[in-house]
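I have placed the structure first, in the form of structure tokens, so that the comments after it can refer back to it.
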Amino acid sequence: MSYELANRLVIGIASSALFDLAEADAVFREQGEESYRAYQEEHLHDTLGKGVAFSFIRRLLSLNDLSSPDDPLVEVIVLSRNDPDTGLRVMRSIQSHGLPISRAIFMQGRSPYHFMPALNMSLFLSANETDVREAVALGLPAGRVLGPATADEADDQDLRIAFDFDGVLADDASERVYQADGIEVFRSHETMNAATPHDPGPLRDFLASLNRLQQREEVQRAGDPDYKIRVHVSLVTARNAPAHERAVRSLKGWGVTVNDAFFLGGIDKSTIMGVLKPHIFFDDQVGHLAGTSLNTPSVHVPFGKMNEPDRVESVEARR
């Protein structure tokens, strides 16, 4: 019988997001592919250190204790530009860290994201900006990891995930209004359209999949009052009143939920992240992530007009 992915939360993870590959990448850049291959062979038995998305992935996979071992709720698949030989160190490191990841695609020097639809993936994480941008341009849910690999405290079993709204959960139509006409026109536009749900953005379906895991947790708690809910989802957005209402009503219209919402109205998001301490935070604007990524595992979702090449170059020039 074939192994079906249709009813699971499937994540694609590049080795660059899961592990710290800085040293190996430096060998590749400075000495070329053959030296890189020799380096990986020489260090085959050296376990790779934890990368930006490690804690997020480990905690997500831990939710498989809510299902039987042969029917997991979560499946994580490695999507790698390594060839099978150099990928051996990645798979051995996965085993050494005790991660239940057994499936992988290795493509020598080529982008693996094309296989996302075939594998029913709700998300692809990588440190390779080109791969991520190309995936998002094709309408695929992908993000580039930024920031530190935070301490993965063993006594903290929670999984805290935070999302920006515009350009991440929703499309960027309203963001375009703000960029073109300013804050007052944006607020007026959102007030007039408060009852009209936004079109979904690249990670709306990923949130829906997380909600299904949360529903499974609620079933577990109903049968076991001592069970502690682990998955917590937060919305952290620069919107504030009155534009907050359309965001809330859009979530409801899509049939998805968040546990907490922070409508910050321009307050630096990194101040909230320092208290919230999410294991991963998704935002579409590099300006916001410049602060959060200093202490929070962050993901840039390069979606919409703000992330068009000419716009990105203009923003970078002003910084």
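Quick caveat, the model's predicted, so the values are computed rather than measured.
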Would you say [X] has more than 12 foreign heavy atoms packed within less than 6.0 Å of its [atom1]?
| X | atom1 | value |
| --- | --- | --- |
| Y178 | OH | no |
| Y39 | OH | yes |
| D224 | CG | yes |

*Hey, which of V299, L289, D284, V301 is the one that makes side-chain contact (heavy atoms from CB on, under 4.5 Å) with D164?*
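Per the side-chain contact (heavy atoms from CB on, under 4.5 Å) rule, the option paired with D164 is D284, out of V299, L289, D284, V301.
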Which atoms form the tightest heavy-atom contact between [X] and [Y], and what is the distance?
| X | Y | result |
| --- | --- | --- |
| F124 | A14 | CE1-N, 4.0 Å |
| S250 | F165 | CB-CZ, 4.0 Å |
| P302 | V136 | O-CG1, 3.4 Å |
| R246 | T196 | NE-O, 2.8 Å |
| L169 | L203 | CD2-O, 3.7 Å |
| V132 | H300 | CG1-O, 4.4 Å |

No-hydrogen, no-angle side-chain donor-acceptor test under 3.5 Å, [X] and [Y]:
| X | Y | value |
| --- | --- | --- |
| N259 | Q214 | yes |
| Q179 | E175 | yes |
| S126 | N128 | no |
| H43 | R89 | no |

*Do Q108 and N82 pass the side-chain contact (heavy atoms from CB on, under 4.5 Å) test, and can you show the C-alpha distance, the side-chain angles, and the key distance before you say yes or no?*
CA-CA 5 Å; Q108 185 177 15; N82 283 301; over 6 Å; no
With rounding to the nearest 0.5 angstrom, report the [atom1] to [atom2] distance, [X] to [Y].
| X | Y | atom1 | atom2 | value |
| --- | --- | --- | --- | --- |
| L235 | H244 | CG | NE2 | 11.5 Å |
| L264 | F262 | CG | CZ | 8.0 Å |
| I105 | R81 | CD1 | CZ | 14.0 Å |
| L159 | L60 | CG | CG | 6.0 Å |
| S122 | R204 | OG | CZ | 11.0 Å |
| M91 | S96 | CE | OG | 11.5 Å |

Quick check: do [X] and [Y] have side-chain heavy atoms less than 4.5 Å from each other?
| X | Y | value |
| --- | --- | --- |
| M121 | L140 | no |
| L79 | I13 | no |
| E217 | V231 | yes |
| N240 | R187 | yes |
| I101 | Q95 | no |
| V236 | T292 | no |
| R133 | N307 | yes |
| S80 | M107 | no |

Count I, L, V, M, F, W, Y as connected when their side-chain heavy atoms are under 4.5 Å apart, and connections chain through other members. Are [X] and [Y] then in the same cluster?
| X | Y | result |
| --- | --- | --- |
| V78 | M116 | no |
| V168 | L276 | no |
| L125 | L213 | yes |
| F115 | Y3 | yes |
| I57 | L63 | yes |

*What do the steps show when you test N295 against M273 for side-chain contact (heavy atoms from CB on, under 4.5 Å), and what is the final call?*
CA-CA 8 Å; N295 299 296; M273 297 303 159; over 6 Å; no
Lys/Arg N to Asp/Glu carboxylate O, [X] vs [Y], below 4.0 Å:
| X | Y | answer |
| --- | --- | --- |
| R230 | D65 | yes |
| K50 | D20 | no |
| D226 | R221 | no |
| R103 | E75 | yes |
| D131 | R144 | no |
| R239 | E190 | yes |

Within the distance-only criterion (no hydrogens, no angle test), does the side chain of [X] pair as donor or acceptor with the backbone N or O of [Y] below 3.5 angstrom?
| X | Y | answer |
| --- | --- | --- |
| R110 | F106 | no |
| S67 | N64 | yes |
| S188 | V185 | no |
| D166 | D172 | no |
| R59 | D156 | yes |
| T271 | I267 | no |
| S234 | A162 | no |
| D171 | P200 | no |

*asked:* A cation-pi test, strictly: NZ or CZ of R160 under 6.0 Å from the centre of the six-membered ring of F56 and no more than 45 degrees from its axis. Yes or no?
replied: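 That pair does not qualify as a cation-pi contact.
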*asked:* Could you go through S270 and H288, starting from their C-alpha distance and side-chain angles, then the distance that decides it, and tell me whether this counts as side-chain contact (heavy atoms from CB on, under 4.5 Å)?
replied: CA-CA 8 Å; S270 64; H288 296 159; over 6 Å; no
*Start with the C-alpha gap between Q31 and Y36, add the side-chain angles, then the distance that decides, and say whether side-chain hydrogen bond (donor to acceptor under 3.5 Å, both in side chains) holds.*
CA-CA 7 Å; Q31 302 178 37; Y36 170 77; over 6 Å; no
*Take L210 and I161 through the test side-chain contact (heavy atoms from CB on, under 4.5 Å) and record every step on the way to the result.*
CA-CA 10 Å; L210 290 174; I161 302 172; 3.6 Å; yes
*Relative to each other, are the rings of F206 and F163 parallel, tilted or perpendicular (30° and 60° limits)?*
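Perpendicular, since the angle between the ring planes exceeds 60°.
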*asked:* Can you confirm whether or not the ring centre of H97 sits under 6.0 Å from the ring centre of F54?
replied: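 Yes: the rings meet the under 6.0 Å criterion.
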